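A quick note: this is a predicted structure, and the numbers were derived from the prediction, not measured. Computed over heavy atoms, backbone and side chain alike; hydrogens, waters and symmetry mates excluded. So you know, we letter chains A, B, ... as the sequences are listed, proteins then strands, and number each from 1.
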2 protein chains.
Amino acid sequence: MDKRVSEIGFRLSDCDMSGGDFDKCPVRDVMSQINGKWSVLLLHALSEQSYRFGELRRLVPDISQRMLTQTLRELQRDGYIDRTVFPTKPPSVEYSMTPLGFSLFAALSQVIIWAERNHPAVREARERFDAAERS
Amino acid sequence: MDKRVSEIGFRLSDCDMSGGDFDKCPVRDVMSQINGKWSVLLLHALSEQSYRFGELRRLVPDISQRMLTQTLRELQRDGYIDRTVFPTKPPSVEYSMTPLGFSLFAALSQVIIWAERNHPAVREARERFDAAERS
DNA sequence: CAGTATCCGAGGTGATACTG
DNA sequence: CAGTATCACCTCGGATACTG
């Protein structure tokens with residue numbers, strides 16, 4: 001019985017990441033960008049509707065202005081979200097998800113759903129591990 | 001039309017991460033552990049079969065001994081892999097995936113497949129962004 | 001073989017202050 | 001309103017040497 005998840009084509013041998021070059025490793029090239037502390041949360045928010053900068057800030061209270069700007073720019077750079085400036089005074093900027101972003105989030109949502117469902121199991125595993133270590 | 005991905009229960013308002021406490025945010029609590037540079041690659045390897053320490057080292061040539069040890073321990077702590085010691089001389093240690101690890105990897109594989117398929121699109125988006133910035 | 005211990009540099013993150 | 005700029009910390013990751 002082969003437990004391998006099919007459809008996955010990438011091989012570890014393809015992933016020569018020496019020199020910090022992820023070009024040969026699509027998985028890490030994509031994931032290293034959504035690895036940020038806030039990326040998934042922002043993608044989740046924008047998957048529901050478009051938001052302005054200040055709205056996102058209020059929606060994710062713990063995020064600093066610096067990290068909100070930076071994370072949004074990274075998501076925009078990778079083509080996951082669009083940034084639309086309305087030249088009003090004062091200016092207003094709307095962030096919205098692109099089709100590419102929606103398709104990424106569809107895949108990511110599997111992990112999100114898994115995380116919610118299995119969070120208790122993970123926490124229990126950690127406690128068992130930590131308890132066993134102390135002895 | 002609601003583009004929201006259903007089945008997702010978590011709300012940003014639940015994710016009070018002040019104080020570095022991720023307990024209230026299952027998504028980040030789980031993902032922050034697989035955020036490491038090597039976690040997904042090791043999960044992928046072990047999803048195919050069990051490996052010994054040295055085998056994994058050869059399989060992922062770029063990884064340092066330090067990071068291999070550390071990443072394996074984190075994955076074990078979260079309950080994704082098992083560590084079995086055979087008291088031979090010299091000792092031999094086998095790492096294998098747990099059912100929890102398999103179920104996580106099933107969800108993760110959606111992202112892996114997406115990354116392989118859409119890597120070119122992401123790279124093009126980056127180039128467009130960088131080109132537009134230089135002007 | 002399968003680790004540990006130590007040091008170090010790079011980058012991610014936050015706090016604060018300032019701007020068109 | 002929607003950012004930039006600067007500083008300062010702190011974790012992550014790599015290199016090297018050592019061990020049961």
Side-chain angles (χ1 to χ4, degrees), chain A residues 15-22 25 28-29 31-42 45-46 50-78 81-96 133, chain B residues 15-22 25 28-29 31-42 46 50-77 81-96 133:
Chain A
C15 291
D16 180 6
M17 306 200 294
S18 46
D21 184 15
F22 293 152
C25 190
R28 274 223 49 82
D29 193 24
M31 293 204 70
S32 67
Q33 292 301 327
I34 55 176
N35 269 351
K37 186 170 178 179
W38 306 103
S39 303
V40 174
L41 297 182
L42 290 177
L46 292 171
S50 300
Y51 286 108
R52 302 222 325 256
F53 187 88
E55 292 175 326
L56 285 170
R57 221 189 150 178
R58 282 185 291 278
L59 215 56
V60 192
D62 295 332
I63 198 170
S64 67
Q65 200 168 21
R66 184 190 177 297
M67 289 314 296
L68 181 54
T69 302
Q70 182 176 310
T71 307
L72 286 171
R73 191 182 299 268
E74 290 167 0
L75 295 176
Q76 183 196 0
R77 179 171 184 261
D78 279 13
I81 64 178
D82 274 334
R83 177 178 182 275
T84 312
V85 182
F86 297 99
T88 55
K89 277 211 286 204
S92 123
V93 178
E94 190 179 83
Y95 292 92
S96 58
E133 249 200 344
Chain B
C15 291
D16 181 6
M17 306 199 292
S18 46
D21 183 16
F22 292 153
C25 190
R28 274 224 49 83
D29 194 24
M31 293 204 70
S32 66
Q33 293 299 328
I34 56 177
N35 268 351
K37 185 170 178 179
W38 306 104
S39 303
V40 173
L41 297 181
L42 290 177
L46 292 171
S50 301
Y51 286 108
R52 302 223 322 258
F53 187 88
E55 292 175 325
L56 285 171
R57 223 190 147 178
R58 283 185 291 277
L59 214 58
V60 192
D62 295 333
I63 198 171
S64 66
Q65 202 167 20
R66 182 189 180 289
M67 288 315 295
L68 181 53
T69 303
Q70 181 177 309
T71 308
L72 286 171
R73 189 182 299 270
E74 288 167 0
L75 295 176
Q76 183 196 1
R77 178 172 184 263
I81 64 178
D82 273 333
R83 178 178 181 273
T84 312
V85 182
F86 297 98
T88 55
K89 279 211 289 206
S92 125
V93 179
E94 189 179 83
Y95 292 91
S96 59
E133 249 201 344

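A donor-acceptor distance shorter than 3.5 angstrom exists from the side chain of A:Arg28 to the backbone of B:Lys37, with no hydrogens or angles considered. In terms of modelled atom types and a separation under 3.5 Å, the side chain of B:Ser39 and the main chain of B:Asn35 share no donor-acceptor contact.
Contact detail for A:Glu55 and A:Arg52: the closest heavy-atom pair is OE1-N, 2.7 Å.
Distance, A:Lys89 NZ to D:dG3 P: 18 Å, rounded to whole Å. Atom pair B:Leu42:CG and C:dA2:P shows a separation of 14 Å (rounding to whole Å applied). Between A:Glu55 atom CD and D:dC1 atom P the separation is 10 Å, expressed in whole Å. Between the OH atom of B:Tyr51 and the P atom of C:dG3 there is a distance of 17 Å, given to the nearest Å. The CD-P distance, from B:Glu133 to D:dG3, rounds to 13 Å in whole Å. When the C1' atom of C:dA2 is taken as reference, atom CZ of B:Phe53 falls 6 Å away, rounded to whole Å.
Shown for residues 64-73 of chain A: residues whose heavy atoms fall under 4.0 angstrom of DNA chain D, namely A:Gln65, A:Arg66, A:Thr69, A:Arg73.
Nearest-nucleotide positions on DNA chain C place B:Ser92 closer to the 5' end than the other of A:Ile63 and B:Ser92. Nearest-nucleotide mapping onto DNA chain D: of B:Asn35 and A:Arg52, the residue sitting toward the 5' end is A:Arg52.
Between B:Leu75 and B:Tyr95 there is no side-chain heavy-atom pair separated by less than 4.5 Å. Taking the side chain as every heavy atom from C-beta outward, A:Leu42 and A:Leu68 approach each other to under 4.5 Å.
Contact annotation for A:Tyr95: backbone-only contact, meaning every heavy-atom pair under 4.0 Å involves sugar-phosphate atoms and none involves a base. Using a 4.0 Å heavy-atom criterion, one finds that B:Arg57 contacts no nucleic acid atom at all.
Atom CZ of A:Arg58 sits about 14.0 Å away from atom CD1 of A:Ile63, to the nearest 0.5 Å. To the nearest 0.5 Å, atoms CZ (B:Arg57) and CG (B:Asp62) are separated by 12.0 Å.
Closest to the B:Trp38 side chain, of the nucleotides C:dA2, D:dG14, D:dA2, is D:dG14. Listed nucleotides C:dC1, C:dG3, D:dG3 differ in distance to A:Arg83; the shortest reach to its side chain belongs to D:dG3.
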*Hey, mind stepping through B:Leu41 and A:Cys25 against side-chain contact (heavy atoms from CB on, under 4.5 Å) and telling me if it holds?*
CA-CA 10 Å; B:Leu41 297 181; A:Cys25 190; 4.2 Å; yes
*Test side-chain contact (heavy atoms from CB on, under 4.5 Å) applied to A:Leu56 and A:Leu46, step by step*: CA-CA 9 Å; A:Leu56 285 170; A:Leu46 292 171; 4.2 Å; yes
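Note on B:Lys37: a side-chain N or O is less than 4.0 Å away from OP1 or OP2 of D:dG14.
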*Taking only Watson-Crick and G-U wobble pairs with both distances under 3.5 Å, what dot-bracket line describes DNA chain C, where [ ] shows pairs that cross earlier ones and | shows pairs with another strand?*
||||||||||||||||||||
